[in-house]
Protein chains: 2
Amino acid sequence: MSRQQEKRDQAARAAWMYYVGNNTQHEIADRLGISRQMAQRLVAYAVEQGLVRVRIEHPISDCLALADALKTRFGLAICSVVPTDGNNAEALRRMLSVAGAEVVEQFIHAEKPMVINVGSGRTLKAIIDELPEIDRPQHRIVSMVGAISSDGASNRYDVALRAAEKTGSKYFMLPAPLIADSAEDCRQWCSHRVYRVVSELAAHADLTLVGVGSVGPACPLLEDGFVSEEEVSQLVAAGAAGEMIGHIIDGTGRPLVSPLSSRVTSLQWPSSPTRPVIGFAGGAAKHKAIAAVLRGGWLSGLVTDEASARAVLAG
Amino acid sequence: MSRQQEKRDQAARAAWMYYVGNNTQHEIADRLGISRQMAQRLVAYAVEQGLVRVRIEHPISDCLALADALKTRFGLAICSVVPTDGNNAEALRRMLSVAGAEVVEQFIHAEKPMVINVGSGRTLKAIIDELPEIDRPQHRIVSMVGAISSDGASNRYDVALRAAEKTGSKYFMLPAPLIADSAEDCRQWCSHRVYRVVSELAAHADLTLVGVGSVGPACPLLEDGFVSEEEVSQLVAAGAAGEMIGHIIDGTGRPLVSPLSSRVTSLQWPSSPTRPVIGFAGGAAKHKAIAAVLRGGWLSGLVTDEASARAVLAG
DNA sequence: CCATGTAACGAACAAATGCTCATTACATAT
DNA sequence: ATATGTAATGAGCATTTGTTCGTTACATGG
């Protein structure tokens, strides 16, 4: 057994004893014949590696009420609202991950083979990471965004690939960059045979998972270098309120036609979808984007936080 | 909203912030406008109330190896082995609960209506308590042991009832005491119409969950006042190695014929069952009982602890 | 063989948590 | 209104946990 494996094993053991067995780290150390600090490190390592999964079972009535209100107002089938924790971004991300993973798990669990479209974004990535390993080789996972990044290497946002790894499902990548160099280039990418095959598969997906992004200073598209600051300013001036996998929408939820829109290669889906399309997003920066996406009727499910829910309902 | 509800709500919120959001209790206190101690109490309350569910995702290879060995040796379809934590009974119970609940959850999750037989015992009770609330009104849960206790009141071991409450399933109780006053009395109970109906239902169950008990000093049957110390001595002298819902078996796993055996009203099932029958037990006191039950081929699944697994495999 | 970088380790300290106890608020019965 | 029991509260302290830092072990390349 590799050194790495051995460490994970021991960490898992320490985590069992600590979190489930209610031992102190000192007791664990004694039992495993290691130092107190080492026990502490093992437990910390287990948490860091995602070996420890925590769920809060009791729904908070305020959050439940907000979720119900959102369901009614925007015709959602699924809605989960997590408590807001000041503006601690780290905490928010973790909470959305836990709640999001719970929702996704319900679907993934099905034995019946499914096609699952997966978008991009940090929130979605965190959710996939939070998923337990469930073996579902019968499912097919489709990446809705181009897996080819302009600099070639980094595919760190290929959330779909991660999801496929987690579940052992088949993985279908979209052979394109997220944003093509020109409208012509975009048309080329999108007319490739493989693109069309994947796109066709995605059109019949049983489930679609997408992140919702803001458009503005420090927005994901800008941070990840897909658009320039100038382009962002132009988009905002043109009324951009948010985006999903690169598709920009305005405040009413309608697609925003712009120089950019003809260069985005990522997959599209109809408004008021008949199959579940679940969006994940939270945090003050995204209030406007979430509201816009909901107004546009792009989602049938949403996982968000308390403050965002309130803001959206108030708007 | 009731005072109680409000407290649970706030406890859940604190638990989210503490366990998921990674806040300190001080931060939680500030945010909720309460004292540091109060935040601590809320978190503790949430844990105590079972609002917080912890799972360790990574299988420990030693435990996995033991589980595989048990599967092979005793023809089990399912086996889960949790790490042993000295002889901390409390920790053992919690670990078995978590691992057991995980196994049970897999089955309960099914949408297809199921009939589930549920036995008795502290371990099984703890497992049911650990189950998340999943609404499954289509399932039917059958209590394998008499729900009528001799002193009338206490039905604290009616694990099946709890399970039915947790899942919102229909509940079928066995109208009988666990141990009848005499063989004649027993025959009477077992020939009642309702008993026969329930028994018939149980015979076609899709899943059976039972605890495994020891027979000896401080064994469950004695502790709960179902048998006297003298009777236990006699049973042990006659070769009793363990019991499941009152059915005593010897070291080879064969039913032990005794004055008691004709008075036990609880349901029976065939050895080498074709549908899943899962046993739950751990701890030094039960090593002999577990080995006996496995030898008898009564189970197709087992959840136990490392030390027990080793002991059984060594024997 | 040595040099060099990296991981493991434990001591010591700082921070966070849990517990006990005395006090206070509050409800219910008299 | 007053007594009386119960739950809520915070102060103070003990324990537990987390982090930093210097040292030691160990592997790898020269």
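First the proteins, then the strands, lettered A, B, ... as listed; each starts at 1. Keep in mind that the numbers below use all heavy atoms, side chains included, and drop hydrogens, waters and symmetry copies.
Contact annotation: A:Ser35 side-chain N/O to C:dC9 OP1/OP2 distance is not under 4.0 Å. When the side-chain nitrogen and oxygen atoms of B:Tyr18 are compared with OP1 and OP2 of C:dT17, one or more of them lie within a distance under 4.0 Å. Side-chain nitrogen and oxygen atoms of A:Gln37 include none within less than 4.0 Å of the OP1 or OP2 phosphate oxygen of D:dT17.
Heavy atoms of other residues, nucleotides or ligands lying less than 6.0 angstrom from CG of A:Asp129 number more than 12.
Closest approach of A:Leu96 to A:Ala281, counting heavy atoms only: CD1-C, 3.9 Å.
Between the C1' atom of D:dG10 and the CE atom of B:Met38 lies a distance of 10 Å, rounded to the nearest Å. Whole-Å rounding puts the A:Glu27 CD to D:dT16 P distance at 7 Å. Note: CZ (B:Arg36) to P (C:dA15) measures 14 Å, nearest angstrom. Summarising the geometry, the separation between NZ on B:Lys7 and C1' on D:dA7 is reported as 8 Å, rounded to the nearest angstrom. For the pair B:Met17 CE and C:dA16 P, the interatomic distance rounds to 16 Å; values are reported in whole Å. Distance, A:Arg41 CZ to C:dC9 P: 8 Å, rounded to whole Å. In this structure, A:His26 atom NE2 and D:dT17 atom P are separated by 10 Å, rounded to whole Å. The distance between atom CD1 of B:Ile34 and atom C1' of D:dG10, rounded to the nearest whole Å, is 12 Å.
No donor-acceptor pair under 3.5 Å is formed between the side chain of A:Lys166 and the backbone N or O of A:Ile134. At distances below 3.5 Å, at least one donor-acceptor pair connects side-chain atoms of B:Asn88 with backbone N or O atoms of B:Glu90.
Residue A:Gln40 is in base contact, counting any heavy-atom pair closer than 4.0 Å across all strands shown.
With D:dT19, D:dT16, C:dA16 as the candidates, the nucleotide lying closest to the side chain of A:Thr24 is D:dT16.
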